[in-house]
Amino acid sequence: MTRPADGAKGLKDRDVAVVGGGPAGLSAALQLARYGRRVLERVRLLTNSRRDDIRERFRRRLAAAGVPIVHDRIKAAVGTGGRLAAIVTRGGERLPLDALFSLQGATPETALARGLGLRLNAQGHADVDTEQHTSVPGVYAAGDIAAPHSHQVSAAVQEGAQAASAANYFLCPPELKAD
């Protein structure tokens with residue numbers, strides 16, 4: 001198969017790997033697979049985990065969508081010229097790929113948040129409102145510590161800007177505030 005020139009057609013006719021055996025990884029693999037062969041050459045799911053927690057109903061969905069599951073951990077990444085070409089698993093399998101989506105979840109680092117007495121939500125993230133206020137006055141949280149499902153740089157940037165604006169207003173002397 002001839003591959004398009006770099007960047008010429010995005011992911012058209014490309015091999016894609018999704019890394020992550022949790023809900024986000026499973027969902028991404030299924031969403032990518034829905035494009036089928038008309039767009040992507042192949043979508044594979046690499047769990048990158050010691051444990052295999054994929055429930056049977058998701059296995060059936062992945063199988064129906066033609067997404068093979070590779071239950072192994074990453075040993076090495078192979079590439080040339082700054083471009084990823086393959087992943088090698090600890091079991092020795094070489095998975096050629098053109099694009100990789102990493103959705104392995106995140107465990108928030110909450111030692112500081114707990115030390116400050118912040119209320120954490122059920123997922124272990126700092127409980128924040130729409131302006132990134134935490135349960136402790138004058139303390140704001142943004143990014144992975146505050147976002148239970150949007151672990152993306154663009155979301156963290158927006159949350160950080162919101163938190164900075166709210167913190168700036170909090171620090172403003174009362175006589176300079178509009179209310």
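These numbers come from the heavy atoms of this one structure, side chains and all, not from hydrogens, waters or symmetry mates.
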Closest heavy-atom pair, A17 versus L97, reported as atoms and distance to 0.1 Å, is CB-CD2, 3.7 Å
If you take all heavy atoms of L45 and V67, which pair is closest and at what distance?
-> N-CG1, 3.9 Å
Side chain T134, main chain V139, donor-acceptor under 3.5 Å | yes
Find the distance between CD (Q31) and CZ (F101) and round it off to the nearest 0.5 Å.
-> 10.5 Å
From CG (L112) to CD1 (I145), nearest 0.5 Å | 8.0 Å
same_hphob_cluster(L62, V19) at 4.5 Å side-chain heavy-atom cutoff | no
Would you mind reporting whether V88 and V78 have side-chain heavy atoms less than 4.5 Å apart?
-> yes
Could you tell me the separation between the OG atom of S49 and the NE2 atom of H71, rounded to the nearest 0.5 Å?
-> 5.5 Å
If two hydrophobic side chains count as joined below 4.5 Å and joins carry through other members, does F58 share a cluster with L46?
-> no
For residues A163 and A142, report the shortest heavy-atom separation together with the two atoms involved.
-> CB-CB, 4.5 Å
Reported CD1-to-NZ distance for the pair I87 and K75, which is rounded to 0.5 angstrom = 13.0 Å
Working to the nearest 0.5 Å, report the span between OG1 of T130 and CD of Q162.
-> 6.5 Å
Could you walk me through whether H133 and V128 pass the side-chain contact (heavy atoms from CB on, under 4.5 Å) test, one step at a time?
-> CA-CA 5 Å; H133 296 105; V128 296; over 6 Å; no
A146 and Q132 have their tightest heavy-atom pair at CB-NE2, 4.1 Å
Side-chain contact test, heavy atoms from C-beta onward, threshold under 4.5 Å: evaluate it for P96 versus R44 and give yes or no.
-> yes
Is S135 reaching over with its side chain to a backbone N or O of R119, donor-acceptor style, under 3.5 angstrom?
-> yes
Crowding at CD, E56 (>12 non-hydrogen neighbours, <6.0 Å) | yes
Just by distance, do the side chain of D98 and the backbone of D15 share a donor-acceptor pair under 3.5 Å?
-> yes
Considering non-hydrogen atoms only, spot the tightest contact between A65 and L30 and give its length.
-> CB-CD2, 4.0 Å
Do L84 and I74 belong to the same hydrophobic cluster, where Ile, Leu, Val, Met, Phe, Trp and Tyr are linked whenever their side-chain heavy atoms lie under 4.5 Å apart, directly or via other members?
-> yes
Co-membership, hydrophobic cluster, residues I69 and V16, 4.5 Å side-chain = yes
Does the side chain of V18 reach to within under 4.5 Å of the side chain of L32, using non-hydrogen atoms?
-> yes
Spacing of OG1 belonging to T110 relative to CG belonging to L118, to within rounding of 0.5 Å | 10.0 Å
Sidechain N-carboxylate O distance under 4.0 Å for D72, R90 | no
Do the non-hydrogen side-chain atoms of R61 and R57 ever get within less than 4.5 Å of each other?
-> yes
How close do H125 and D144 get, heavy atom to heavy atom, and via which atoms?
-> CD2-O, 2.9 Å
Are the side chains of L95 and T89 in touch, meaning some heavy atoms are under 4.5 Å apart?
-> yes
Should L120 and R114 count as side-chain neighbours, where that means a heavy-atom distance under 4.5 Å?
-> yes
Can you say whether the rings of F170 and Y140 are parallel (under 30°), tilted (30 to 60°) or perpendicular (over 60°)?
-> perpendicular
